[in-house]
There are 2 protein chains.
Amino acid sequence: MEEHLQEIYKKLHDRDYKITPQRRVILKAFLNNAREHLSAEEVYNIVKDQYPDIGLATVYRTLDLLVDLDVLQRINFGDGRARYELGHRDEHHHHHLICVNCGRVEEFDHDLLEFLELLVTEKTGFRITDHQLKFYGYCRRCRETPQEAE
Amino acid sequence: MEEHLQEIYKKLHDRDYKITPQRRVILKAFLNNAREHLSAEEVYNIVKDQYPDIGLATVYRTLDLLVDLDVLQRINFGDGRARYELGHRDEHHHHHLICVNCGRVEEFDHDLLEFLELLVTEKTGFRITDHQLKFYGYCRRCRETPQEAE
DNA sequence: CTTCCTGCAAAACATTTGCAGACTT
DNA sequence: AAGTCTGCAAATGTTTTGCAGGAAG
């Protein structure tokens with residue numbers, strides 16, 4: 001994790017972006033909440049503890065930058081705001097299981113979509129660089145206690 | 001298509017929703033643009049020709065209703081607005097190919113994701129009701145004329 | 001007739017932007 | 001010192017909502 005951080009700093013440095021305390025705390029928020037899917041506002045709230053003067057606009061600008069640098073991935077779960085997660089550096093893809101009842105998002109690792117990419121390219125001429133797969137349904141918890149919703 | 005429309009009217013009627021001229025023209029906009037991915041504003045513009053007094057709020061409310069009734073599906077291609085398409089009544093799934101250069105969205109039909117759904121359910125206890133798969137990359141047109149972007 | 005629907009205008013949100021000052025390098 | 005980065009506030013763009021009148025069943 002510490003090495004991941006250094007790696008990202010290097011990426012910033014290589015492209016002549018400055019390493020500011022604001023960018024540092026935002027990055028740390030993601031490293032400390034690795035398997036969360038944070039929204040801009042959530043990042044803002046986490047980060048305000050360590051850096052109370054930070055502005056929400058800075059958070060948005062930093063998130064955009066990190067998406068540009070492929071450090072973060074932007075995802076939309078249909079709840080009206082963008083969410084962000086640390087990018088898959090390796091080619092290991094994971095997919096999202098979105099509970100339509102409680103809204104919780106789980107993850108599921110699986111690499112076996114490459115064959116489909118090949119098929120798509122062959123049939124359409126579309127050169128694929130990434131994919132995003134979401135499953136909608138009912139998570140185990142909601143199946144067991146159907147009354148709960150959040 | 002005419003039968004599809006009747007089917008939808010029946011669905012509205014069965015749930016005690018009224019069949020208003022506004023709802024009719026909105027539905028027709030989708031039937032006449034079957035393989036488009038219309039945004040609320042696009043629907044509004046199409047529909048204003050036939051029903052000039054319609055309000056944008058009505059379009060939004062109708063789209064919400066139709067999504068609720070599973071007539072439409074809401075999709076987000078990351079362009080800052082929700083888009084809608086006629087739902088897959090049958091189980092025939094199609095996926096979206098989103099060009100990261102020009103923004104065009106193509107479709108690709110493929111049913112072979114069921115095995116993955118079974119795997120997910122088995123491993124996580126998540127009961128899947130739907131899935132959404134998006135591929136990002138470069139469409140054939142952009143590969144052939146790389147300068148173009150819209 | 002009763003209840004649901006609609007149009008309008010205003011409100012609510014998430015996100016972006018202009019700008020002057022502050023900070024990284 | 002030079003140029004980038006930031007916080008603030010205002011602007012933007014999409015979607016939602018309150019309300020009083022209007023229409024569908």
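Treat the numbers as computed from the prediction; the structure is a model and nothing was measured. Order of the sequence lines sets the chain letters (A, B, ...), proteins ahead of strands, with each chain counted from 1. Heavy atoms only: backbone and side chains are in, while hydrogens, waters and symmetry mates are out.
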### Query
Which residue lies toward the 5' end of DNA chain D, A:Thr62 or B:Tyr60, if each is placed at its nearest nucleotide?
A:Thr62

#### Entry: Pair listing, side chain to side chain donor-acceptor pair (under 3.5 Å) test, anchored in residues 50-63 of chain B, at least two apart
B:Gln22-B:Tyr51

### Query
With sequence neighbours left out, what residues match B:Glu41 under salt bridge (Lys or Arg N to Asp or Glu O under 4.0 Å)?
none

## Note on the structure
With sequence neighbours left out, the residues meeting salt bridge (Lys or Arg N to Asp or Glu O under 4.0 Å) with B:Arg74 are B:Asp64

## Note on the structure
Applying side-chain contact (heavy atoms from CB on, under 4.5 Å) to B:Lys11 and not counting sequence neighbours gives B:Leu69, B:Asp70, B:Val71

### Query
Is A:Leu27 close to A:Leu66 at the side-chain level, that is, under 4.5 Å between some pair of heavy atoms?
yes

### Query
Rounded to whole angstrom units, what separation is found between the CZ atom of A:Arg15 and the P atom of C:dT25?
17 Å

### Task
Starting from P on C:dT16, measure out to CG on B:Asp79 and report it in whole angstrom.
13 Å

### Message
Could you work out, with side-chain contact (heavy atoms from CB on, under 4.5 Å) as the rule, every residue matching A:Arg83, not counting sequence neighbours?
### Response
A:His37, A:Ser39, A:Glu42, A:Phe77, A:Asp79, A:Arg81

### Query
Of the residues in residues 36-52 of chain A, which ones touch DNA chain D at a heavy-atom distance under 4.0 Å?
A:Tyr51

### Query
At how many degrees, to 10°, do the end axes of the helix from C:dC1-D:dG25 to C:dT25-D:dA1 meet when each uses five pairs?
40°

### Message
I'd like to compare against my own output: the B/S/- annotation of nucleotides 18-25 of chain D with a strict under-4.0 Å heavy-atom distance to protein.
### Response
B-----BS

### Task
Round to the nearest Å and state the distance from B:Leu63 atom CG to C:dC5 atom C1'.
15 Å

#### Entry: Residues which pass side-chain contact (heavy atoms from CB on, under 4.5 Å) with B:Lys10, listed by chain and number, not counting sequence neighbours
B:Asp14

### Task
Could you pull out all residues at least two apart from B:Arg24 that satisfy salt bridge (Lys or Arg N to Asp or Glu O under 4.0 Å)?
none

### Message
Just the rounded figure in Å: distance from P of D:dT15 to CZ of A:Arg81.
### Response
14 Å

### Summary
Rounded to whole Å, the CG-C1' distance (A:Leu12 to D:dT4) equals 13 Å

### Message
Just to verify, what does B:Asp49 make a salt bridge (Lys or Arg N to Asp or Glu O under 4.0 Å) with, not counting sequence neighbours?
### Response
none

### Atom pair distance, as rounded to whole Å: CG in B:Asn76 and P in C:dT15
11 Å

### Query
About how many Å separate NE2 of B:His95 and CG of A:Leu113, when rounded to the nearest 0.5 Å?
8.5 Å

### Message
Checking contacts here: which listed nucleotide (C:dC5, C:dG7, D:dG7) is nearest the side-chain heavy atoms of B:Thr58?
### Response
C:dG7

### Message
Can you measure A:Leu56 atom CG to C:dA14 atom P for me and round it to whole angstrom units?
### Response
9 Å

#### Entry: Between C1' of C:dC4 and CG of B:Leu65, the distance in whole Å
12 Å

### Query
With respect to the side chain of A:Gln22, which nucleotide from D:dG7, C:dT6, D:dT16 is positioned closest?
D:dG7

### Query
With sequence neighbours left out, what residues match B:Asn33 under side-chain contact (heavy atoms from CB on, under 4.5 Å)?
B:Glu36, B:Leu38, B:Ile46

